[in-house]
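Just so it is clear, the structure is predicted and the values come from calculations on it, not from any experiment. All values below come from the heavy atoms of this structure, side chains included, with hydrogens, waters and symmetry mates left out.
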Amino acid sequence: MSLLWTILPPLLGGLGLFLLGMKHLSEGLQATAGGGLRRFMAKATSHRIVGVGSGIISTMIVQSSSIITVMLVGFVSTALMTLPQAFAVLIGANIGTTATVWIIAYAPDPQLLGFIGLALGGVLYFFLRGERVHNLGLTVIGLGLVFLGLYIMSKGVSPIRENPEVSAIFTRMSAEHMSGVFLIALCAMLLTAVIQSSAATIAIAMALATQGLISYEVAIAVLFGANVGTTATGWIAAIGGTADAKRTALSHTLSNLLGSIALIWFFPLFVKLGQALFPKWGVAETVIVSGHEVKAFTHMMAPIAVTDTIFAICRGIIFFPFVKPFCRLVERIVPQPADEKPHLSALHFGVRLSPVIACDQALMEVDFMKRSDLELLDCSRKVISGETRSDDGPERHIVHREDILDNVQKEVTEFLGSIMSKRLARDVAERAQRLLRLTDELESVSDECATVLKVVKRLRKQGQRMSEHSVAILLDVHDKVASFAADVTPLIRSPRIAFDLDALQKRSSELHAFIRECRRLQLGRIGPEDPGSSVRVLGELDIINAYERIRAYYLNCAETLAGGKRR
């Protein structure tokens with residue numbers, strides 16, 4: 001029991017440091033790359049080979065295939081990529097993620113590198129100014145934590161060798177027969193699915209192999225399972241998401257699983273290949289641990305790293321010629337509902353969310369809101385003109401869609417609020433803030449359309465009938481405001497486009513003056529010759545005021561997109 005408490009704290013603590021370091025490393029690199037990584041991945045898919053290359057480079061940049069998988073789920077969900085394009089990138093991501101193992105393998109002194117990383121990163125993050133410097137500091141701190149966690153795990157398991165009973169548990173793990181290889185791979189798969197990091201699982205295997213607690217063959221068997229378990233992150237990203245999101249996650253899991261099953265039968269070949277490339281792999285060196293000389297297999301890491309890379313490349317070679325047929329198979333397994341549209345719930349999956357993709361997904365909801373507002377304005381015109389009755393479709397549509405947009409605004413606000421609590425690159429933070437402001441303005445437009453309907457229903461209930469002259473004025477106001485809205489709406493897109501804000505502001509001012517004049521004319525229609533005129537005219541003024549606010553909301557949208565001040 002005492003040995004257990006001696007081993008578990010450093011092992012679990014080292015694992016925690018390693019995972020925390022990977023999180024900071026990935027977030028820092030993402031923030032440093034900003035939207036450039038998104039644009040690079042979205043554009044570098046003109047050919048399968050280019051897609052594989054972009055996957056390798058992108059994964060080496062962020063040091064996490066899980067983050068790339070999450071981004072690809074978002075890309076496919078938002079139609080920035082097709083499934084075959086995303087799958088080609090996934091092939092590259094599986095190769096690029098092995099760079100982390102190479103870094104671990106060739107770290108000369110993990111403890112020293114860890115302390116240097118923490119010291120240098122701390123200076124950059126806490127004592128220097130500038131967003132890019134702070135992001136770089138966070139990256140270096142993350143790298144330092146990775147090395148320090150690796151060191152603590154490696155030294156934490158060293159006492160196991162001094163206890164024959166506990167050591168026997170590990171030495172009984174055998175990869176001499178295929179049944180043992182499958183069992184070890186299954187355990188590694190489950191562990192990786194829980195901690196959501198294949199690099200951490202492989203790092204633990206490296207630590208055990210370095211201490212001579214597991215054989216080189218067992219460490220290689222771990223690779224097969226870890227590469228399947230890491231696909232669990234994609235499923236977390238796709239929970240509650242679109243069919244395209246689930247297809248992306250399934251393609252990753254299915255390809256890694258089938259590839260591992262196909263290649264595991266060549267397990268002896270992988271073992272011999274790694275040993276042949278690094279002849280000193282089995283040589284033990286004497287190192288000092290806690291003042292005692294112990295034997296450590298320090299050359300074990302390099303053959304594990306090269307085997308991991310060769311394994312990823314072979315798996316990619318298997319699927320590369322069959323990208324399109326494989327994706328068609330996945331599409332059959334996960335059919336596309338005819339009436340499905342993207343939902344934000346596809347991205348509610350915790351700390352590994354990519355803020356750039358979160359903004360892309362939120363933009364889909366903003367697009368839905370802007371289209372809905374134009375529909376509601378069209379319905380409002382029919383209500384004013386008297387083309388509808390209380391049971392007509394346009395009136396029901398206004399009530400139903402206004403409730404939906406209320407919920408969408410709440411969902412977007414909560415969603416982007418959780419994203420903005422993270423460390424973001426400046427351009428990503430500004431984009432999230434713009435989206436928040438746009439959702440607020442667009443939801444307010446739907447509220448005003450509902451106000452128009454309520455006023456008309458109130459007048460109808462009171463037996464008040466608007467004159468043809470009043471209806472003509474209100475329709476004139478509507479048409480001018482709707483035309484202004486139709487011109488502003490296409491500007492709400494990504495990437496943003498340049499437009500003449502001054503011209504829109506001038507047009508808005510002219511529209512404001514016109515609405516004010518219409519309001520003055522309507523007030524003049526109240527008179528003693530028409531006893532009910534005051535009630536009717538006040539209702540008409542409420543409608544005019546609603547359109548005045550709609551004009552202001554769309555001007556606010558334009559100024560938000562231009563980065564100008566709101567009036």
> Any side-chain heavy atom of Val456 sitting closer than 4.5 Å to one from Ile543?
Replying inline: yes

> Looking at Asp479 and Arg381, does any basic side-chain N land under 4.0 Å from a carboxylate oxygen?
Replying inline: yes

>> Ignoring hydrogens, what is the shortest heavy-atom contact between Pro84 and Val323? Give both atom names and the distance.
In response: O-CG1, 3.6 Å

>> Quick test of your reading of the model: are Arg507 and Glu510 salt-bridged, counting only N-O distances below 4.0 Å?
In response: no

>> Applying side-chain contact (heavy atoms from CB on, under 4.5 Å) to Leu501 and Glu559, what does each step give before you reach the verdict?
In response: CA-CA 7 Å; Leu501 178 62; Glu559 291 178 336; 3.8 Å; yes

> Is it true that the side chains of Arg401 and Ser372 contain a donor and an acceptor less than 3.5 Å apart?
Replying inline: yes

>> Does this structure show an ion pair linking Glu540 with Arg458, if we count only N-O contacts that are shorter than 4.0 Å?
In response: no

>> One pair to check against side-chain contact (heavy atoms from CB on, under 4.5 Å): Asp373 and Leu405. What are the steps and the verdict?
In response: CA-CA 9 Å; Asp373 282 343; Leu405 293 186; 3.5 Å; yes

> Does a salt bridge link Glu331 with Arg328, judged by any charged N lying under 4.0 Å from a carboxylate O?
Replying inline: no

>> Between Asp502 and Lys506, does any side-chain N to carboxylate O distance fall below 4.0 Å?
In response: no

>> Testing the basics here: between Ala562 and Phe499, what is the closest heavy-atom pair and its distance to 0.1 Å?
In response: CB-CZ, 3.7 Å

>> Any heavy-atom pair between the side chains of Asp487 and Ser483 that's under 4.5 Å?
In response: yes

>> Using a 3.5 Å distance criterion without hydrogens, assess whether the side chain of Thr97 forms a donor-acceptor pair with backbone atoms of Asn94.
In response: no

> Does the side-chain contact (heavy atoms from CB on, under 4.5 Å) test come out yes or no for Leu118 and Ile141, once each step is laid out?
Replying inline: CA-CA 5 Å; Leu118 291 176; Ile141 288 174; 4.0 Å; yes

> Does Leu250 offer a backbone N or O that forms a donor-acceptor pair with the side chain of Thr253 under 3.5 Å?
Replying inline: no

>> Counting C-beta onward and ignoring hydrogens, is there a side-chain heavy-atom pair between Phe514 and Val477 closer than 4.5 Å?
In response: yes

>> Could you tell me if the side chain of Ile497 sits less than 4.5 Å from the side chain of Leu561, heavy atoms only?
In response: no

>> Could you tell me if the side chain of Val481 sits less than 4.5 Å from the side chain of Tyr554, heavy atoms only?
In response: no

> Do we see a donor-acceptor contact under 3.5 Å between the side chains of Gln409 and Glu365?
Replying inline: no

>> Rounded at 0.5 Å granularity, tell me how far CG in Asp447 sits from OH in Tyr553.
In response: 7.5 Å

> Which pair of heavy atoms, one from Ser251 and one from Leu83, lies closest together, and at what distance?
Replying inline: OG-CD1, 4.2 Å

> When you look at CD of Glu468, are more than 12 heavy atoms from neighbouring residues, nucleotides or ligands closer to it than 6.0 Å?
Replying inline: no

> Can you name the nearest heavy-atom pair linking Val140 to Gly121, along with the distance?
Replying inline: CG1-N, 3.6 Å

> Is a side-chain donor or acceptor of Lys370 paired with a backbone partner of Ile492 at a separation under 3.5 angstrom?
Replying inline: yes

> Name the one of Glu375, Lys382, Glu402 that satisfies side-chain hydrogen bond (donor to acceptor under 3.5 Å, both in side chains) with His397?
Replying inline: Glu375

> Are any side-chain N or O atoms of Ser508 and backbone N or O atoms of Leu504, one a donor and one an acceptor, separated by less than 3.5 Å?
Replying inline: no

> Nearest 0.5 Å, what's the CG-OG1 distance between Leu90 and Thr248?
Replying inline: 7.5 Å

> CG of Leu377 to OG of Ser446: how many Å apart, nearest 0.5 Å?
Replying inline: 10.0 Å

> Counting distance only, does the side-chain N/O of Asn545 pair as donor-acceptor with the main-chain N or O of Leu541 below 3.5 Å?
Replying inline: yes

>> Determine whether a donor-acceptor pair (N or O, by modelled atom type, separation under 3.5 Å) exists between the side chain of His134 and the backbone of Leu128.
In response: yes

> If you measure only the distance, is there a donor-acceptor pair under 3.5 Å linking the side chains of Ser470 and Ser467?
Replying inline: yes

> Are Leu453 and Glu395 close enough, and set up right, to give a side-chain contact (heavy atoms from CB on, under 4.5 Å), and what steps lead you there?
Replying inline: CA-CA 7 Å; Leu453 176 61; Glu395 296 191 6; 3.7 Å; yes

>> Less than 4.5 Å apart, side chain to side chain, heavy atoms only: is that true for Thr560 and Gln433?
In response: no

>> Which heavy atom of Cys327 sits nearest to which heavy atom of Phe87, and what is that distance?
In response: SG-CB, 3.9 Å

>> Less than 4.0 angstrom from a charged side-chain N to a carboxylate O is my criterion; do Arg493 and Asp367 meet it?
In response: no

> Are Cys557 and Leu442 close enough that some pair of their side-chain heavy atoms sits under 4.5 Å apart?
Replying inline: yes

> In a check of side-chain contact (heavy atoms from CB on, under 4.5 Å) between Glu448 and each of Arg551, Glu548, Arg549, which one passes?
Replying inline: Arg549

> How many angstroms lie between CZ in Arg434 and CG in Leu363, if you round to the nearest 0.5 Å?
Replying inline: 10.0 Å

>> With rounding to the nearest 0.5 angstrom, report the OG to CD1 distance, Ser54 to Ile49.
In response: 12.0 Å

> Closest approach of Arg247 and Val334, non-hydrogen atoms and distance?
Replying inline: NE-O, 2.7 Å

>> Could you tell me if the side chain of Asp476 sits less than 4.5 Å from the side chain of Cys518, heavy atoms only?
In response: no

> Looking at CG of Leu376 and CE of Met369, how far apart are the two atoms once the value is rounded to the nearest 0.5 Å?
Replying inline: 10.5 Å

